[in-house]
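Contents: one structure, followed by commentary.
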Amino acid sequence: MALIELRNISKSFEDTQVLDNFNLTVNENEFITLLGPSGCGKTTTLRIIGGFETPDEGQVFFEGVDITNVPPNKRHLNTVFQKYALFPHMNVEENIAFGLKISGKSDAYIKDKIKYALKLVNLDGFEKRKIDRLSGGQQQRIAMARAIVNEPRVLLLDEPLGALDLKLRQDMQYELIRLKNELGITFIYVTHDQEEALTMSDKVVVMNKGYIQQMGTPEQIYNEPENAFVADFIGDSNIVDGIMVRDKVVKICDTIFPCIDDGFGQNKPVDVVIRPEDLIIGKPGQGHLDGEVVHNVFQGVHYEMEIEAGGFLWLAQNTTSYPVGTKVSLEVEPENIQIMHKPQSEGEEAIEIDV
Amino acid sequence: MKNLKTLYLILILAFLYVPILALMILSFNESKSMAVWSGFSTKWYEEMFSNTLIMEAVWNTFTIALISAAVATIIGTAACIGIQAMRKKTENAIMALNNIPLLNADIVTGISLMMTFLVFGISLSYGTVLLSHITFCLPYVILSVMPKFKQLTGNTYEAALDLGATPWQAFYKVIIPEIKPGIMSGFLLSFTMSVDDFVITHFTRGAGINTISTMIYSQVKVGIRPTLFALSTIIFVVVLIVLVASNMAGNSTNPKVQKGVTAFTTGFVVVLLAGTLVFSGIAGGSGGKEVHVYSYGDYIDPALIEEFEEETGITVVMDTFDTAEEMYPVVKNESVTYDVICTSDYMLEKLMEEDLLAELDYSGIPNIDNMDKRYLELAEGFDPGNKYAVPHTWGSLGILYNTKVIPEGEITSWNDLWKDKYKGRIVMPDSMRDTMAIALKAKGYSLNTTKEAEIAEAIDYLIQQKPLVYKYANDSARDLILGGACDIAVVWNGEVLYTQEENPDLAYVIPKEGSEHFTDAWAMPAAAKHKDAGLAWINFMLEKQTAEVNFDYLTYSIPNVAVIEMNKDNPANMGVLFPPDAVLTKCEALKNLGSEVDDMYTEYWKKFKS
């Protein structure tokens, strides 16, 4: 049975509809990430689960029990807030002990738990530290420790790494995966950073304007985006107009490409996604399209180039550098061509993105 | 440059602290005068602690400040919770409304609160002062707590709920500690505003309710006694200690020091309050009968109140005013009812004309026999048949001069004040009717004249005198002559004896043209509720021993046979206190002249002042 289920949730603030008939199921021991640009409704969803917002319509179930109107302090879940929300007038120890004291645990138990939690987040010996003496990363870990000592069934994390610098963020991602595995509880994670989502999650929910755009494993989301929004939001992509001539044949830039998709009908307009690293660059005349390199930037792992070919500016990544002005050809393996329907319904129109 | 900076700093500090230092030093001065240092003494402190009126005022001031600050803090903080949960627009509107009373003039707040109480039939009392103080403190609390709500870090309230706290626990354990600095400063601000307040208290206080500020104000008429310097010194020291303690608590990061200081401050305040309570004698409680007395401030020896209470078992509720004009509307509107009042002749006459006084039942005042008959006859000038009033003090305006500079007997006439040889050595009163009385008498006219020509002549005469006058001053005249700033001062005879004590070379004369005299007398308002107790009070005031004690305290002329007996072997004193009939008959009391003549006087007075 699903651990948490959101059923037909709608929520609006004043005139803005944030969630519209939203449905989501979260299973036991899952690391699920709500991913989307700001204003997509991901934080509101988390706050509804946490009990800080009441939906206008719809219900929230926890193990099959309706908890829509249960106040936050009666729910078996804990939250790590965006800016940690540590209590500034208490030290580390008192912060961590807060929930345990409220629930009336014994002093000895609380002491043990603090020790255990600090060890878990690699901050042994920080008990008496004042909050304002901690770095951002340390505060983040204390916020984690404060939440997990209460042994919640579900941990809600609202962009917990958003305020950290890049290196620390990457370290913390592995830390979070380790924690999740050690604790064996469900994580519901909210972020707008697609890399974070892909690195850590078991399941990614891509959201935009209150609708779910796609739900799946990180691989599915990356490799088989269901629409242009997902494709664009997850990593860099070339999204081109194409015509599905027939099954497994698509025409892009007046050139026929073999592909592996079928079931789109004949001569139907579609969106085509090709990842920049999937473009194979060769000598002129050797590929499907001929073109010229107009831009080249070294990015460490690879060179990122813009290639003008067939009236479209392609984004390509390659470990070999082709200087600006070089005549090249472009080729794509059939399995790396991702075909998508053009948006038709209201929900799908939400993909008209501003990114 | 550096020296200049240091000098500037010293100057600023001097401006701030030298006056306070002077006050502290004067509080230890043996002499009552501000101009003479006659030795170190703690007698004003002793007098202060034994003065139940002062101690009651101190008690009222601090209990009102503490309670109103506490209540306003609680209500204000609760209001902030509501306000910050409002929409932005509503919040701004509410905050704007909150700021209006802050900018509003105190007098408007005071009068409107008084009107509100009276309209709803709430009689003015300690409670109305308390309510008023809570009302005007509220905006200050909201103003200092609100920003703290705005500064709350992140979602700490939600974090607390998330960790299992109930909304109340979350508020108590997380929000309160975070907004505590705002709450504390709101409380302290309210406390000081309440202690400082005069205007609002003045309008909303009931019978016998005085705070330090209203009490000091009501004593201005007879001159501020050094007991108030002692009181001010103690208040300053107390505030200093509390300030230093709270600063120590604020700066120290050691929680033990913080706790220690908090405990110390709390204990200090408790001890202080307990002390005032004991000294004020409020703790004793009052049993049954009461008499409400309304008088000029500091016009009887406070020790007599206790004596009266012991003797009769009647509790005295004492209330004071500064000017007769201030007393008049209170008695007329019965906003507070009094059983006995003490005020001046012309005001008593006005009250009689308006039927606001009760006829005295002399069977309750057997001590009337102790009153000197001459002064009862004088009182008939405003109270024919002595039906309504019994004299308390008598006074006349005269000239005090320094015999070291001016041979004794050289000054006999008001016109001597116009002599060039005294140029720059003369102090004249600065009070329209009194100052004009001098010129009118000098010219041989009545000081109650209604003839414009005479008034004009008197004013011209005063203008002519201007270059000779060192200063126009009322209460400070005695200190000016004691300090040697002048050699001639026009003063009331009540000031003379004690000024002569400080400087025996001073001589006093009532000029031969006659002078202005006044009688302040006890009377009973028609609305009095405890008439028997009122009569008992008047009778007590006429007791020989009471008159003697009062005379020692005030050194005013008290026309009681016992006081005359005390002084009869001292002709100089007799001349000052109880001048012979020949002098008395030339003296006149001020009369109400009607608004038209009043306006005329004011017009000419303005001409003189400009």
Side-chain angles (χ1 to χ4, degrees), chain A residues 13-14 43 46-47 49-53 70-91 94-105 128 130-133 139-140 142-143 145-152 154-160 162-163, chain B residues 77 80-81 84-93 144-145 147-187 246 249-259 261-262:
Chain A
F13 294 110
E14 314 224 328
T43 297
L46 197 75
R47 289 174 60 80
I49 299 173
F52 304 115
E53 303 284 357
V70 175
N73 50 321
K74 299 267 163 61
R75 298 191 181 193
H76 299 286
L77 29 84
N78 286 110
T79 309
V80 177
F81 290 87
Q82 194 166 6
K83 287 182 184 126
Y84 323 132
L86 294 172
F87 307 132
H89 59 285
M90 302 180 189
N91 63 20
E94 289 162 338
N95 261 283
I96 299 176
F98 188 88
L100 299 172
K101 277 190 184 155
I102 295 273
S103 56
K105 296 284 193 294
K128 303 293 180 194
K130 284 196 155 193
I131 296 304
D132 54 14
R133 293 296 179 81
Q139 290 193 24
Q140 209 285 321
I142 298 303
R146 183 177 70 175
I148 58 186
V149 286
N150 303 293
E151 299 179 353
V154 181
L155 193 62
L156 308 179
L157 302 104
D158 186 6
E159 308 217 20
Chain B
T77 308
C80 285
I81 300 171
Q84 58 95 31
M86 289 173 175
R87 286 160 179 243
K88 196 80 202 138
K89 251 187 185 168
T90 335
E91 185 187 318
N92 288 342
S144 41
V145 175
K148 288 288 156 197
F149 269 104
K150 298 276 163 217
Q151 287 167 18
L152 280 184
T153 38
N155 328 11
T156 42
Y157 174 74
E158 286 183 351
L161 290 185
D162 184 79
L163 294 167
T166 61
W168 171 246
Q169 281 174 319
F171 179 70
Y172 179 73
K173 288 175 190 250
V174 173
I175 302 298
I176 291 270
E178 278 199 64
I179 60 172
K180 206 160 114 194
I183 295 179
M184 282 313 290
S185 66
F187 178 85
S246 62
N251 290 338
S252 168
T253 44
N254 184 345
K256 268 189 192 157
V257 173
Q258 284 190 357
K259 269 185 193 158
V261 171
T262 314

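Lettering follows sequence order; numbering is per chain, from 1.
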- Query: Do you know the tightest heavy-atom contact between B:A159 and A:F81?
  - Reply: CA-CE1, 3.4 Å
- Message: I need the minimum non-hydrogen distance between A:N73 and B:A165, along with the two atoms involved.
- Response: CB-O, 3.1 Å
- Query: Between B:K173 and A:K101, is a side-chain contact (heavy atoms from CB on, under 4.5 Å) present by the stated rule, with each step listed?
  - Reply: CA-CA 11 Å; B:K173 288 175 190 250; A:K101 277 190 184 155; 5.7 Å; no
- Note on the structure: Answer key: most heavy-atom pairs under 4.5 Å with chain B among A:N78, A:L77, A:V80 is A:N78
- Message: Would you compute the distance between atom CZ of A:F52 and atom CG of B:D162 and round it to the nearest 0.5 angstrom?
- Response: 4.5 Å
- Item | Residue A:E94 versus chain B: region with a heavy atom under 4.5 Å | neither
- Message: Counting only non-hydrogen atoms closer than 4.5 Å, does B:E158 touch chain A with its backbone (N, CA, C, O), its side chain (CB onward), both, or neither?
- Response: both
- Item | Inter-residue atom distance B:N155.CG - A:T79.OG1, 0.5 Å rounding | 9.5 Å
- Note on the structure: Looking only at A:R146, A:Q82, A:R75, the option with the highest number of non-hydrogen pairs under 4.5 Å against chain B is A:R146
- Message: To check you understand the geometry: which heavy-atom pair defines the closest contact between B:T156 and A:P88, and what is its length?
- Response: CG2-CD, 4.3 Å
- Heavy-atom proximity to chain A below 4.5 Å, by part of B:A170: neither
- Tell me, with the steps shown, if B:L163 and A:I102 meet side-chain contact (heavy atoms from CB on, under 4.5 Å). CA-CA 8 Å; B:L163 294 167; A:I102 295 273; 6.0 Å; no
- Message: Heavy-atom count check: over 12 atoms from other residues, nucleotides or ligands less than 6.0 Å from B:K89 NZ?
- Response: no
